[in-house]
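Written out below as C-alpha cells is the structure these notes cover.
Nothing here was measured: the structure is a model prediction, and the numbers come from that model.
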Amino acid sequence: MKGHLASNNRQPVDPTCYDEAYFLGSCEGYVEFIAGEGAHLSRRLNQALQVAEVEAGMRVLDVGCGRGEVLRHCAEKGAEAHGLDYAPVAVRMALDVALADGGAPGRVVVYRADAKHLPFPDTCFSRVLMFDLVEHLMPWELSQALREAHRVLEPGGRLVVHTAPNIWYDRFAYPLVRLVRRLMGQGANYPTNPRAIVPVNVDVHVNEQSALGLWWLLAHLLDSTEPR
C-alpha cells in the first residue's frame, strides 16, 4: 500500500509532488537555503560536497539538483556545473540560485531531464553527485540511474551519493524510539510510519537505503558493467 516501507508500486514519483512548498519546507537544507538564499549549505550537504573534492576546471553533474545551491557552490569553486532535475519548479529555482549575484567563476547549466536517461555522452564528467536523490527512486529506477551515472563518469572520476534517512533506523530503531516517546506522552509526534513525520515523504520517499545495501547495489552494478 502507498506509504508503506515496502511497496509493490513501480511507478515513478509524480514530478508535481516536488513543488516550491516541498523545496522550501521539507527538502534537506531548506532552513539554510531560506536564510541565505543558497549562499550556505546545510551541514550534511556541505559534508557530502567535501567528499566530492570539486576543483576548478572539473565538469560536475548534479543529478536531482533541486534548488540549485550545490550547483552554485560547485561553480564558486571554478567548476563547470551541470544540474539536472525532472521537476519543472526545480529547474527554475536552480537557475535562479546558481546565477544569483552575477554568477560564479565556473559555468552553470541546468536541464530538465530524467536521471534514468542522462542526455550526455559517455565519460564526460569528473564528478557525478546524487544528493538526497536515491531514496526518491523506485528500485528499478535507481539501478538504471546508477548505470547512467557510471556511463557518463570519466575513468578515475567519482560518484558521490548522499541519502537519508537510513532504512535500518526506520525499520529497527524507530519503533523503539516511538515506543519510548509514546510512554512519555509524545506519541502524537511519532506516527506508525516514520515517513509520516514529514507528511510529504509518505509520497516521495519510496526506497530508503542502508550503507550496506547501497554498497552491494553499486558493487553488483559495476560487476555487470562492461569494462571501459
Quick check against the 3.5 Å criterion: does [X] have a side-chain atom that pairs as donor or acceptor with the backbone of [Y]?
X      : Y      : result
His205 : Glu135 : no
Asp85  : Val91  : no
Arg67  : Phe23  : yes

Euclidean distance, [Y] [atom2] relative to [X] [atom1], rounded to 0.5 Å:
X      : Y      : atom1 : atom2 : value
Glu148 : Asp114 : CD    : CG    : 9.5 Å
Leu133 : Leu84  : CG    : CG    : 9.5 Å
Glu69  : Cys74  : CD    : SG    : 11.0 Å
Leu45  : Leu129 : CG    : CG    : 10.5 Å
Ile197 : Asn189 : CD1   : CG    : 9.0 Å
Thr123 : Phe125 : OG1   : CZ    : 10.5 Å

Who passes salt bridge (Lys or Arg N to Asp or Glu O under 4.0 Å) against [X], sequence neighbours left out?
X      : result
Arg127 : none
Asp122 : Arg151
Glu37  : none
Glu53  : Arg158

Tell me the closest heavy-atom pair linking [X] and [Y], and the distance in Å.
X      : Y      : value
Pro121 : Val152 : O-CG1, 3.8 Å
Asp132 : His136 : O-CD2, 3.4 Å
Ala94  : Leu71  : CB-CD1, 4.4 Å
Leu49  : Lys77  : CD2-CE, 4.2 Å
Ala196 : Val202 : CA-CG2, 3.7 Å
Leu159 : Ala149 : CD1-CB, 4.2 Å

What about [X] and [Y], same hydrophobic cluster or not, with Ile/Leu/Val/Met/Phe/Trp/Tyr joined at side-chain heavy-atom distances under 4.5 Å?
X      : Y      : answer
Val160 : Leu142 : no
Leu221 : Trp215 : yes
Ile167 : Leu176 : no
Ile34  : Phe131 : no

May I ask you to decide if the ring planes of Tyr18 and Tyr22 are parallel, tilted or perpendicular, using 30° and 60° as cut-offs?
-> perpendicular
Identify, with sequence neighbours excluded, every residue that meets side-chain hydrogen bond (donor to acceptor under 3.5 Å, both in side chains) alongside [X].
X      : value
Ser143 : none
His82  : Arg59, Glu80, Tyr111
Asn166 : none
Gln186 : Arg181

Any pair counted as ring-ring contact (aromatic ring centres under 6.0 Å, His included), so long as it reaches residues 165-190, sequence neighbours left out | none
Within residues 37-73 or reaching into it, pairs that qualify as ring-ring contact (aromatic ring centres under 6.0 Å, His included) - sequence neighbours excluded = none
Are the side chains of Val128 and Leu118 in touch, meaning some heavy atoms are under 4.5 Å apart?
->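 With C-beta onward as the side chain, the pair stays apart.
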If we only count heavy atoms from C-beta on, is the Thr192 to Arg178 side-chain gap below 4.5 Å?
->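 A side-chain contact under 4.5 Å exists here.
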For side-chain contact (heavy atoms from CB on, under 4.5 Å), just list the numbers for Val70 and Leu41, CA-CA rounded to whole Å, side-chain angles, deciding distance to a tenth of an Å, and then say yes or no.
-> CA-CA 8 Å; Val70 173; Leu41 297 177; 4.2 Å; yes
Remaining members of Met184's ILVMFWY cluster at a side-chain heavy-atom cut-off under 4.5 Å?
->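 Besides Met184, the hydrophobic cluster comprises Val180, listed by chain and residue number.
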Should the pair Glu208-Arg171 be classified as a salt bridge under the 4.0 Å nitrogen-to-oxygen rule?
-> no
Side-chain polar contacts of residues 24-33 - donor-acceptor pairs under 3.5 angstrom, sequence neighbours left out - could you list them?
residue, atom, partner, partner atom, Å
Glu28, OE1, Arg44, NH2, 2.4
Glu28, OE2, Ser42, OG, 2.6

Show the numbers, then the answer: is there a side-chain contact (heavy atoms from CB on, under 4.5 Å) between Val206 and Glu141?
-> CA-CA 11 Å; Val206 295; Glu141 292 185 288; 5.6 Å; no
